[in-house]
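What you see is a predicted model; the values in this text were computed from it and never measured. All chains are named by letter (A, B, ...) in the order of the sequence lines, taking the proteins before the strands, and each is independently numbered beginning at 1.
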Amino acid sequence: MRRYAYLLYIQLKASTLLAMQYRGDFVVDLLIELVWAATAVVPLFVVFAGRSSIAGWTYPEALVVTGWFTLLQGLLEGAINPSLVNVVEQVRKGTLDFVLLKPADAQFLVSTTRFQPSKAINAITATLIFVYAFRRIGHGPTAGGLAASLLLMVTASILLYGLWILTVSAVFYVVRVDNLTFLFTAIFDAARWPSSVFRGVAKIVFTFVIPLALMTTYPAEAMLGRLHPSSLALSLGGALFFAVFSRAVWVRAIGKYTSASS
Amino acid sequence: MSVRGTVKALPTLLRVAFAEAVAYRAEMLVWVLATTMPLVMLALFSAVAEGGPLGRFGQAEFIAYFLATFVVRQLTGSWASWQINFEVREGTLATRLLRPIHPLLGYAVENIAAMPMRVAVSVPVAIVALALVGGRAVAHSAGAWLLFLPALVGGWLLTLLANFIVGALALFMESSVKVMDIYLAAYFVASGYLVPVELFPPGARAVIDWLPFRYQIGFPVELMTGAYDGTLTTAVALLARQWVMVCAFAAAAAWVWSRGIRRFSAYGG
């Protein structure tokens, strides 16, 4: 366990050093993140100009969901995406051999090869959105609500990571999935609104199949102090299931790997 | 680089590019599927419309608007900026420079050749849209449909030329992908792609009217969904403004490209 913590530290340090080489990029990234945050906030601003609540959410409440979306998008693009795009490349070139030869768990190694520290900006943007939203609401989140939302952030990260591992496991079977990663990011865009705006089939899919509701809407509800305990239980169970299931699929998939070289 | 030589080369170029588009059809399908944004926006606006219409938009109008957005985005899409960036970095731009046609024309041809496949994907969506809203929310005047075609071509040209301009910046600054990222975010917000331009407050609309983004996608979509059925003169004025922008963009693209290409040096062989 300590060895893995140390390994994680080394990998993080390497990524940070790599990113520090391009300081100008960091400033540009900051600007880009702010502009992209606007794409999530502007539509809400427009639709709430004429009415006070949509699908049971007021403007500041919907902003809390946007805050969680921004935070998780940062996690996805900063910590999950870069490494796993790398795996796809390694499987195609056959260089995954070098990873498999190392005396540590392969899933751990491939998941931590690359980070994009500049995406931490999203955490700042999200905090700004939270502060603004709760000032408009008039009172801050309760301690219990905050604790529950932090717990849900952990389960959301596990869900996101599990979904990613499942996507990447597909690479051992079909090889060409590099633009599947874009598809995944595009689907994640649906998480920017409270899940109650979705109806019918979309609602079921986004709760149980691709659990976007569990990632952004539930933490926001917890923060607002109106999450039903059963939803919390569903999130915990869902995260546990995804963690176990994705691990099992990964282990099976890696067995399919045949080196591409020589 | 004579005009006659270029015209003579066009059919072959198109055929080659089309074959390429067919070869990578699965990849293209994923790209099309990844255009989920109009549908995500539609979900939000449908929930809004349940509490009563917003401006001229009820449920049916929103469905028509965002499915039209999806279709127009497919037909006006361009990825030349990323392509130019890639080729500048890898040095493969050199092979393009050797050909006896203008490189920008080469990119444009590749874009056109992907059109038939994109039409094949978008037309079913358009038909589904028509079936869903029953023709209520699409343009009824023949004039609007007549203006739609030049507006669509103009929108495509604006997108393509913007891609050229930003792509050519890569010749000055190694990589202009991030510039494109900012352009894209501004385009999302101010083009009518996320929010119909009509729903913006008047102050914001006045600014958007003078920015190029709306003429890339919002304007053809508005024509298609009948926003100008009663006010065709407004539409003609907007069309004129769009084409003035096309000309300005073309001049800018040619200028940036001819300046930048002198700085290009290929690596490898």
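- For B:R73, the CZ atom counts as densely surrounded, since its 6.0 Å shell holds more than 12 non-hydrogen atoms of other residues, nucleotides or ligands.
- Proximity to chain B involves both the backbone and the side chain of A:A190, based on heavy atoms less than 4.5 angstrom apart.
- Within a 6.0 Å sphere centred on CZ of A:F134, heavy atoms belonging to other residues, nucleotides or ligands number more than 12.
- In A:F45, the CZ atom is not crowded: 12 or fewer heavy atoms of neighbouring residues, nucleotides or ligands sit closer than 6.0 Å.
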Could you go through the side chain to side chain contact (heavy atoms under 4.5 Å, CB included) check for A:V42 and B:F188 one step at a time? CA-CA 10 Å; A:V42 167; B:F188 269 33; over 6 Å; no
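- Here the straight-line distance linking atom CG of A:L31 with atom CD1 of B:I182 works out to 4.5 Å at 0.5 Å rounding.
- Interface check for chain A: of the options B:S46, B:G52, B:P201, the most heavy-atom pairs under 4.5 Å are formed by B:G52.
- Closest heavy-atom contact between B:L199 and A:V46: O-CG1, 3.5 Å.
- Taking CZ of A:R51 as the start and CG of B:L54 as the end, the distance is 5.0 Å to the nearest 0.5 Å.
- Closest non-hydrogen pair, B:V40 versus A:W193, comes out as O-NE1, 3.1 Å.
- Heavy atoms only, all atoms of each residue included: A:D189 and B:M37 are closest at OD2-SD, 3.8 Å.
- Residues B:L184 and A:W36 have side chains in contact (heavy-atom distance under 4.5 Å, counting atoms from C-beta outward).
- B:A185 and A:T39 make their closest contact through O-CG2, 3.8 Å (heavy atoms, listed as atom of the first residue, atom of the second, distance).
- Closest approach of A:V197 to B:A47, counting heavy atoms only: CB-CB, 3.8 Å.
- Heavy atoms of B:L194 lying under 4.5 Å from chain A belong exclusively to its side chain.
- Contact detail for B:M41 and A:P43: the closest heavy-atom pair is CE-CB, 3.6 Å.
- Within the 4.5 angstrom heavy-atom criterion, no atom of B:Y193 approaches chain A.
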